[in-house]
Amino acid sequence: MMRTHTCGDLRAAHIDQTVTLCGWVQNRRDHGGIIFIDLRDRYGLTQVTFDPDLCGAAAHEQANRIRSEWVLKVTGTVKSRGDRKNPNLATGEIELFVTGLEILNQAATPPFEIDDHVKVSEEPRLKSRFLDLRRAPMQRNLITRHQVMQVVRRYFDANQFLEVETPTLCKYTPGGARNFLVPSRMQPGSFYAMAESPQLFKQLLMVGGYDRYIQIARCYRDEDLRNDRQPEFTQIDLEMSFIDMDDIMDMGEGMARQVWREVLGFELPAKFRRMTWTEGMLKYGSDKPDLRFGLEIVDLTDWAPTSGFSVFQSAVANKGVVRAINAKGASEQLSRRTLDALTEQAKGLGAKGLAWIKIGADPAKAEDWQGPAAKNITPEARAELGRRLGVGPGDVLFFGADREKTVCTVLGGIRLELGRNLLKLARQDDWQFLWIHSAPLFEWSEEANAFVANHHPFTCPYPEHLDALTTDPGSVLSKSYDMVLNGNEIGGGSIRIHDAATQSKVFAALGISPEDAQRKFGFLLHALSFGAPPHGGMAFGLDRLVMLITGAESIRDVIAFPKNQRGRDEMLDCPTPVSDRQLKDLHIVTAAPAAATAP
RNA sequence: GGCCUGGUAGCUCAGUUGGUUAGAGCGCCGCCCUGUCACGGCGGAGGUCGUGGGUUCAAGUCCCAUCCAGGUCGCCA
């Protein structure tokens with residue numbers, strides 16, 4: 001080893017010891033005679049002091065030339081700082097008086113400062129990621145990610161789970177995310193698909209008798225990127241046999257509790273809140289409600305016909321719904337300008353407009369109800385509305401009147417904007433977990449003019465709903481569950497269909513013919529016919545989990561080498577064109593412009 | 001693919017109704033300084049204002065197109 005200690009190690013107990021440190025130059029303070037250098041590694045910062053009387057003229061001369069980010073090896077004596085301690089530094093009680101210096105490497109002037117005080121935007125950071133990784137926030141995030149992974153592995157190991165790796169080069173299956181494709185050299189014209197998840201493999205492992213499976217699995221999806229979506233990302237993937245919904249949910253909760261306990265020192269509740277999908281949509285307009293604040297949605301559909309307001313009445317007449325949010329006492333925080341911006345936002349979410357009412361000092365007075373919808377509501381209806389919404393002085397009411405799906409989207413969006421941004425009711429370190437379970441098995445797709453699987457086509461319906469598969473597919477609920485944290489879906493899964501007969505019925509309801517099913521999922525149906533155990537599982541998004549734990553604004557900040565929004569890695573300059581020779585080996589002809597191919 | 005925001009020095013940003021030689025802080029370079037710790041002092045270098053076109057006596061500023069970055073909707077079973 002070149003060093004005896006790290007830059008975060010030394011304390012008063014080391015005083016008078018001779019030690020050797022290695023690290024990068026964080027900062028140099030040259031006083032003409034005495035020179036201070038803050039030496040940095042991932043463990044901390046130590047002040048090393050070049051006193052010309054102690055370090056010798058040669059070392060002092062060299063210390064004069066040293067610049068930021070040079071790599072040094074320094075040997076010297078640990079001394080007390082006396083009354084010049086630095087309370088901001090873990091090693092601030094001591095300093096190292098250098099007696100020997102070796103410059104291990106010089107460094108070009110970095111494109112940005114490796115310094116927490118200096119803001120740097122993402123573009124230069126990603127371009128020189130190796131420098132960005134030296135910065136404390138990135139180091140903290142990656143260390144936290146490591147800790148989470150270790151806790152997860154220990155937890156599942158202690159619960160008799162087996163870690164099994166599954167292929168990332170696999171077969172294209174229709175439906176779901178767009179796959180990255182990999183051309184086969186040995187099978188001209190054929191392609192592997194990069195796994196979008198280990199879903200089918202883990203079910204096959206259950207058939208294979210591995211009744212508790214875990215994998216920290218890399219997944220690939222060729223879809224547009226977001227601050228919480230990367231083309232390759234990591235799932236904590238698990239599957240269990242001989243279980244029902246509660247068992248998986250308990251296991252997932254246990255993992256979350258242990259992660260929060262060991263990584264954050266925070267004790268989560270012994271039982272997470274559970275809510276059906278239907279209740280979530282009704283009260284929060286979302287399948288992933290943020291429960292850090294109230295602002296619950298109230299259904300007024302039965303009241304609307306009596307309201308006297310034609311917009312509400314016609315919404316109900318057209319088989320829609322009318323619902324509302326009461327932002328208690330928010331009147332002063334919501335200016336006319338803000339309300340206009342909210343209205344624009346509502347339109348962006350699909351609403352025709354946003355009816356709102358501002359309540360003045362006396363809710364009993366008609367003139368204290370102000371806003372686009374206020375005048376149109378009859379006095380009797382207003383009194384009833386006041387009771388239902390618990391209206392008081394200074395409240396602001398927001399209404400949605402449209403098809404149910406639109407109202408959920410709009411009021412759900414308005415609720416988030418109010419709670420998170422406008423009224424600032426949500427704290428980052430307030431951990432509100434819940435389960436959203438029993439979502440509809442199918443969702444009507446306007447685009448396909450057919451029912452499509454809400455989760456995936458192997459999700460098990462409640463047995464008592466099986467008959468409705470043919471008569472009313474939209475009403476069938478599934479044994480599905482999502483773990484939601486502060487409005488983010490951090491994990492989800494389902495009980496799977498384990499018998500071929502039920503699977504065939506679901507395929508039929510989805511309009512997949514037996515021949516189609518055989519061609520696309522034949523291997524699964526085949527496997528199910530050989531004694532598949534009842535099974536189910538779930539997967540957590542590791543990147544999102546770590547993002548929330550660290551408070552990072554993007555999963556890019558918890559991934560060592562992420563891609564930008566266009567899927568490019570500007571450090572590697574990737575993706576790149578390849579040579580004609582390579583394409584020929586792969587039996588590929590590109591339709592891209594000639595300029596995009598490499599020589 | 002749609003919408004929103006942005007692009008000015010290595011970094012973070014300012015730049016008025018279009019008007020002299022485009023500024024600041026940090027960083028960088030040089031000199032000075034023996035107790036600083038985001039040290040301090042003095043001096044200096046550094047810009048095709050993303051790119052192309054247009055309007056104008058005059059464009060960082062106005063118009064059009066385009067590229068890039070981020071956010072968002074679609075998409076993500």
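Throughout, protein chains are lettered first and strands after them, A, B, ... in sequence-line order, and every chain is numbered starting at 1. Excluded from the calculations below are hydrogen atoms, water molecules and symmetry mates; all remaining heavy atoms, backbone and side chain alike, are included.
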Notebook entry, point to check: Quick one: which of B:G70, B:C75, B:C11 gets closest to the side chain of A:Pro124?
Noted result: B:C11

Margin query: Taking only the P atom of each, what is the distance from B:C13 to B:G50 in whole angstrom?
Written below: 15 Å

Margin query: Can you check the distance between B:G74 and B:C3, where both ends of the measurement are the C1' atom (answer in whole Å)?
Written below: 11 Å

Next item on the list: Looking only at side-chain atoms of A:Asn564, point me to the closest of B:C68, B:C28, B:G70.
Entry: B:G70

Notebook entry, point to check: Choosing from B:C37, B:G27, B:A69, which nucleotide comes nearest the side chain of A:Arg84?
Noted result: B:C37

Next item on the list: Rounded to whole angstrom, note down the C1' distance from B:G15 over to B:A59.
Entry: 14 Å

Next item on the list: Side chain of A:Phe112 only, please: which of B:C11, B:C37, B:C75 is the nearest?
Entry: B:C11

Margin query: Any donor-acceptor pair, under 3.5 Å, between the side chain of A:Arg229 and the base of B:C76, if you only look at N and O atoms?
Written below: yes

Item checked: Length of the CH2-C1' vector between A:Trp70 and B:C28, whole Å -> 14 Å

Notebook entry, point to check: Roughly how far apart, to the nearest Å, are B:C26 and B:U21 at atom P?
Noted result: 28 Å

Item checked: A:Gln565 side chain, from C-beta outward: closest of B:G71, B:C29, B:U34 -> B:G71

Next item on the list: Assess whether one donor atom and one acceptor atom, taken from the side chain of A:Glu95 and the base of B:G35, lie less than 3.5 Å apart.
Entry: yes

Next item on the list: Using whole Å, report how far CD of A:Glu122 lies from C1' of B:C11.
Entry: 15 Å

Note to self: Would you say the base of B:U36 stacks on A:Phe36 (centre-to-centre below 5.5 Å, plane angle below 30°)?
What the structure shows: yes

Next item on the list: Report the nucleotide, chosen from B:U34, B:U36, B:A69, that has the shortest atom-to-atom distance to any side-chain atom of A:Ile34.
Entry: B:U34

Next item on the list: Determine the interatomic distance between P on B:C67 and the same-named atom on B:A9; round to the nearest Å.
Entry: 22 Å

Notebook entry, point to check: In whole Å, what separates the P atom of B:G10 from that of B:U5?
Noted result: 27 Å

Next item on the list: For B:C13, take OP1 and OP2 only and decide whether either is under 4.0 Å from a side-chain N or O of A:Lys119.
Entry: yes

Check: Can you find a side chain N or O atom of A:Arg29 that sits less than 4.0 Å from OP1 or OP2 on B:A38?
Finding: no

Item checked: Same-atom distance (P) from B:G2 to B:A45, integer angstrom -> 46 Å

Checklist line | Euclidean distance for P, B:U61 against B:U55 (whole angstrom) | finding: 15 Å

